[in-house]
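Remarks on the structure that follows.
Heavy-atom basis, side chains included; hydrogens, waters and symmetry copies ignored.
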Amino acid sequence: MAADRVAAALLVLGNGLDGSGLSAGSLARVRAAVSYPYVERVVFSGGWEQARSGAVEPPPGCREADLMRATAVELGLDPGVVRIECRSRSTLENLLHVAADGLLDGLRLGPGRPLGLVTHAWHLPRARFLAGKVLGLRGAALVDVPAAGLPRGGVFEYGVRAAARVCFFGVRDPAVLLRRERRMVAMLRRGV
């Protein structure tokens, strides 16, 4: 983050659960949000990625965004600025649900009041691309807030990013984006 580019609000993207708690990646993202200078709103977004594999649904209050919020408040974040979205299973769903739920409404986000995307550096290019698709925020309207650790992503993340650019080309309709994402994930799992 450049010194003169401070976000008006943060969107913290989940990185999954590990057993019954936050993964190391999700915890790093929470810490990055808590250590960020004051913002008007912090939105934690992460649901239950394991739903794709048919795992048992977690009890109420135990989805990823619930746990990220609780951890952030324990670490000193003002609970009054926090909002959560806890239905999503992917980065695309994070953004679609945040938009549908109006969790960034009223903030007048744009180049003069950017949204900070809190995730790992390897994930930021895809998160920025999807934020442009779903939220209409691009370039200076977004600030990268990279979380520490997890220097992974590599070839797989590059492949997912490239596939997203191809599969989502010219599309902004949420239902079409979701259908295309499901097809893209199925193809990637088959190794096509």
Side-chain angles (χ1 to χ4, degrees), residues 7-17 26 29 33 39-55 57 63-66 68-69 82-145 153 156-192:
L10 298 177
L11 173 56
V12 186
L13 301 169
N15 189 239
L17 299 173
S26 289
R29 293 173 186 189
V39 292
E40 294 175 43
R41 191 170 305 161
V42 178
V43 178
F44 291 103
S45 182
W48 175 47
E49 175 191 6
Q50 295 79 1
R52 292 182 192 273
S53 64
E57 186 171 349
R63 289 182 183 241
E64 187 174 11
D66 295 316
M68 289 193 304
R69 177 193 188 284
V82 177
R83 307 291 184 278
I84 63 169
E85 176 285 307
C86 57
R87 299 184 326 269
S88 57
R89 299 174 298 177
S90 69
T91 304
L92 175 61
E93 287 185 11
N94 289 147
L95 291 155
L96 289 170
H97 291 310
V98 164
D101 294 350
L103 298 177
L104 297 172
D105 287 359
L107 292 172
R108 301 177 324 279
L109 298 170
R113 293 177 46 78
L115 173 66
L117 292 176
V118 184
T119 187
H120 287 85
W122 54 265
H123 186 235
L124 277 164
R126 183 163 50 100
R128 288 178 71 86
F129 170 73
L130 292 172
K133 278 277 174 205
V134 175
L135 303 175
L137 299 172
R138 293 177 176 80
L142 297 170
V143 171
D144 295 343
V145 184
F156 179 76
E157 177 61 24
Y158 180 77
V160 172
R161 188 180 327 145
R165 288 190 180 275
V166 170
C167 289
F168 301 152
F169 182 76
V171 178
R172 290 202 55 176
D173 178 80
V176 175
L177 286 168
L178 284 172
R179 277 195 310 273
R180 289 188 179 189
E181 180 190 48
R182 289 184 183 113
R183 275 189 258 149
M184 179 184 77
V185 168
M187 287 183 347
L188 288 170
R189 286 187 175 148
R190 286 193 313 260
V192 173

Provide the closest heavy-atom pair for R172 versus V134 in the form atom of the first, atom of the second, distance. NH2-O, 4.0 Å

For L117 and A131, which heavy atoms make the closest approach, and how far apart are they? CD1-CB, 4.2 Å

Do the non-hydrogen side-chain atoms of F168 and E181 ever get within less than 4.5 Å of each other? yes

Residues G14 and N94: closest non-hydrogen pair is N-OD1, 4.4 Å

What's the separation between atom CZ in R89 and atom CZ in R63, rounded to the nearest 0.5 Å? 10.0 Å

Roughly how far, to the nearest 0.5 Å, is CG of L130 from CG of L13? 9.5 Å

Test side chain to side chain contact (heavy atoms under 4.5 Å, CB included) on L92 and K133; report intermediate values, then the result. CA-CA 9 Å; L92 175 61; K133 278 277 174 205; 6.0 Å; no

When you measure from the side chain of T119 to the backbone of L124, do you find a donor-acceptor pair of N or O atoms at a distance under 3.5 Å? no

Is the side chain of R29 donor-acceptor paired with the backbone N or O of V12 at a distance under 3.5 Å, no angle test? no

Of all heavy-atom pairs linking G116 and A7, the shortest is N-CB, 3.4 Å

Take R165 and F129, measure what side chain to side chain contact (heavy atoms under 4.5 Å, CB included) needs, and give me the verdict at the end. CA-CA 8 Å; R165 288 190 180 275; F129 170 73; 3.1 Å; yes

Does the side chain of E85 pick up a donor-acceptor pair with the side chain of S45 at under 3.5 Å? yes

I'd like to know if the side chain of R41 reaches the main chain of L11, judged simply by a donor and an acceptor atom lying under 3.5 Å from each other, with no hydrogens or angles considered. no

Between CG on residue L95 and CG on residue L103, distance to nearest 0.5 Å: 11.0 Å

In Å, rounded to the nearest 0.5 Å, how long is the span from CG of L135 to CG of L109? 8.5 Å

Search all heavy atoms of L107 against all heavy atoms of A9 and return the closest pair with its distance. CD1-CB, 3.7 Å

Nearest 0.5 Å, what's the CZ-SG distance between R179 and C167? 13.0 Å

I'd like to know if the side chain of R138 and the backbone of G132 have a donor-acceptor N/O pair within less than 3.5 Å. yes

Whether D101 and R83 form a salt bridge (side-chain N of Lys/Arg under 4.0 Å from carboxylate O of Asp/Glu) is what I want to check. no

Answer whether the closest heavy-atom distance between the side chains of R128 and D144 falls below 4.5 Å. yes

For residues E64 and G16, report the shortest heavy-atom separation together with the two atoms involved. OE2-N, 2.7 Å

